[in-house]
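Just so we're on the same page: letters track the sequence lines, and every chain starts at 1.
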Protein chains: 2
Amino acid sequence: MALKHAVLAALLGGEYSGYQLTKIFDVGVSNFWYAAPQQLYAELTRLEADGLITGREVVQKGRPNKRVFTVTEAGLGELTAFAAAPAKPLLIRDDLVVKVHAVDRLDPAPVIAQLRERAREAAAKLDLFRQILARLRGDLDEETFLREGEHVGPYLSCLAGCRLERETHDWCLQTARTLTERAARTEGRTP
Amino acid sequence: MALKHAVLAALLGGEYSGYQLTKIFDVGVSNFWYAAPQQLYAELTRLEADGLITGREVVQKGRPNKRVFTVTEAGLGELTAFAAAPAKPLLIRDDLVVKVHAVDRLDPAPVIAQLRERAREAAAKLDLFRQILARLRGDLDEETFLREGEHVGPYLSCLAGCRLERETHDWCLQTARTLTERAARTEGRTP
DNA sequence: CATGACTACTCATATCGATGACTATCGCTA
DNA sequence: TAGCGATAGTCATCGATATGAGTAGTCATG
């Protein structure tokens, strides 16, 4: 299982409801895993049944009540076992790279448009991640925080997200430029 | 579908047998998709049934015969449609980042070991990718090749792989160093 | 006072992907 | 000559993921 551990890791950061987790795991914010709302609710139910998390009803006024969850001792044990197990190699599955790989035999225009769009998204995510990093380290500078801060896990994982988004952004723009220039030259040649 | 298009894109590079594709898609080599052998054979059967590729028996001496596949016109059409469709956001699913995210509450030792191991793997992949790039561009330099070369798709997608592996490598080592230093300080404090 | 947007969550299903176990031939080496 | 590793592939199955549709209350806006 996989989502399981991602949910447990996310819940180490505090008490969250299913709905709040959907925000954390939503396309924009999760820097290490993606999951749809339905998957999360299902996973939370399973985790609670297995005793790895406990739920607590929170009565709210003005909006529906919610159940918030915390990791139990058993849950921590599960995470420990997970951390000790050999890591599976990173799985990348990117539609866009597949399209670029095949672009020589295809119309480059839609691919270029998607590269630009992806670059925009990556820039937005990068911005968001930088804000999260700034909030996490408070008024310490990065070096000091990494040496002396209390919780560096989320900071370090967010740094990974930053790197990925920055590279994605740069690669997309450079690739879009290359393809655009080539398209212009080909047009000039076969009018 | 997803693997489908990755296979079609890979087959644009030439005629390959199922077994050759398993090598290309194997953990080390695929810079854009991973698939197990069984998935590939199943996918090839389906693609041939749908007329998107055609198989050709190649009789070999000294080793079992094999069937090699080529993309048909219909297959190219499918790829064109795929390229024009909006790209799905990149899905990252990385066990190791989840472990790092949770590391504050866990024993850091196995996580550090896995970070070092991942860094080694990334360095090896990076090496391999650089060789592939050198082979693809022949004796042109990168800039000239990207401007004037015939098939830049595989080159561009491999560049994406390079960036990813380089960042992975650097992040893993930096994170391992940070965690190691923190572990040393904590040991000194609680003996 | 109707409409849409946001919070909060559920059910059902189809497709995808991961895994283990198996067959068979050839060439090389101990 | 037995065994190993590489080539070349098949079958079956389980669990994970993706997607569509649906419920229900609250709040603000026009």
Side-chain angles (χ1 to χ4, degrees), chain A residues 1-8 15-28 30 32-50 55-69 82 85-95 98, chain B residues 1-7 15-30 32-50 55-69 82 85-95 98:
Chain A
M1 257 184 247
L3 177 55
K4 179 174 167 176
H5 301 114
V7 170
L8 286 172
E15 280 188 332
Y16 296 112
S17 69
Y19 190 75
Q20 287 174 291
L21 279 177
T22 65
K23 298 300 158 192
I24 293 170
F25 277 82
D26 198 5
V27 202
S30 96
F32 54 82
W33 212 272
Y34 164 80
Q38 300 94 321
Q39 291 173 254
L40 286 171
Y41 285 112
E43 197 61 52
L44 286 171
T45 308
R46 239 172 297 157
L47 285 170
E48 197 181 18
D50 294 351
R56 185 169 70 81
E57 187 89 16
V58 172
V59 181
Q60 300 183 116
K61 21 182 168 132
R63 51 178 72 174
N65 295 344
K66 62 180 179 182
R67 304 198 66 214
V68 296
F69 298 92
F82 164 67
K88 296 186 187 169
L90 165 63
L91 298 181
I92 342 149
R93 290 200 166 149
D94 194 344
D95 270 22
V98 175
Chain B
M1 259 184 246
L3 176 55
K4 179 173 166 177
H5 301 114
V7 171
E15 278 188 333
Y16 295 111
S17 69
Y19 190 76
Q20 286 174 292
L21 279 177
T22 67
K23 296 301 158 194
I24 293 171
F25 276 81
D26 197 4
V27 201
V29 189
S30 94
F32 54 81
W33 211 271
Y34 164 80
Q38 300 94 323
Q39 292 174 254
L40 286 170
Y41 285 114
E43 197 61 52
L44 286 171
T45 308
R46 238 171 299 155
L47 285 170
E48 196 181 20
D50 295 350
R56 186 167 69 80
E57 187 90 16
V58 172
V59 180
Q60 299 183 115
K61 26 191 160 120
R63 51 177 72 175
N65 294 344
K66 62 181 178 182
R67 303 199 64 214
V68 297
F69 297 91
F82 164 66
K88 295 187 188 170
L90 166 61
L91 297 181
I92 343 148
R93 290 200 165 146
D94 194 344
D95 270 20
V98 175

* Asked: Is there a donor-acceptor pair under 3.5 Å between the side chain of Tyr41(A) and the backbone N or O of Tyr19(A)?
  -> yes

* Could you check how far CZ of Arg93(A) sits from C1' of dA18(D), rounded to whole Å? => 13 Å

* Between P of dA16(D) and OH of Tyr34(B), the distance in whole Å -> 16 Å

* Can you name the side chain to side chain contact (heavy atoms under 4.5 Å, CB included) partners of Asn65(A), sequence neighbours left out? -> Glu57(A), Val59(A), Gln60(A)

* Figure out the CD/P separation between Gln39(B) and dG20(C), and round it to whole Å. => 13 Å

* Euclidean distance, atom CD1 of residue Ile24(A) to atom P of dA8(C) [Å, nearest integer] -> 13 Å

* Structure fact -> Rounded to whole Å, the CZ-P distance (Arg46(A) to dC9(C)) equals 17 Å

* Asked: Whole Å only: how far is the CG atom of Leu40(A) from the P atom of dT7(C)?
  -> 16 Å

* Structure fact -> Residue set satisfying side chain to side chain donor-acceptor pair (under 3.5 Å) with Arg67(A), at least two apart, ordered chain then number -> Glu48(A)

So which protein nitrogen or oxygen atoms get under 3.5 Å of nucleotides 7-10 of chain D's nitrogens or oxygens?
unit_1, atom_1, unit_2, atom_2, d
dT7(D), OP2, Tyr19(B), OH, 2.9
dA8(D), OP1, Gln60(B), OE1, 3.3
dA8(D), OP1, Gln60(B), NE2, 2.7
dG9(D), OP1, Arg67(B), N, 3.0
dG9(D), OP2, Gly18(B), N, 3.4
dG9(D), OP2, Tyr19(B), N, 3.2

* Asked: For the pair made of CD in Glu43(A) and C1' in dT10(C), what is the distance, rounded to whole Å?
  -> 16 Å

* **Min side-chain heavy-atom separation Phe69(B)-Leu21(B) under 4.5 Å** => no

* Global bending angle along the helix from dC1(C)-dG30(D) to dA30(C)-dT1(D), which compares the axes of five pairs at either end, to 10 degrees -> 20°

* With Gln38(A) via side chain to side chain donor-acceptor pair (under 3.5 Å) - residues at least two apart -> none

* To do: Take Phe82(B) and Val98(A), measure what side-chain contact (heavy atoms from CB on, under 4.5 Å) needs, and give me the verdict at the end.
  => CA-CA 10 Å; Phe82(B) 164 66; Val98(A) 175; 3.9 Å; yes

* Structure fact -> Minimal heavy-atom distance between Glu15(A) and Gln20(A), with the atoms involved, is O-OE1, 4.3 Å

* Structure fact -> Lys4(B) atom NZ is separated from dT15(C) atom P, nearest whole Å, by 12 Å

* Atom of Phe25(B), atom of Tyr34(B) and distance for their closest heavy-atom approach -> O-CD1, 3.6 Å

* Structure fact -> Minimal heavy-atom distance between Ala35(B) and Leu3(B), with the atoms involved, is CB-CD1, 3.7 Å

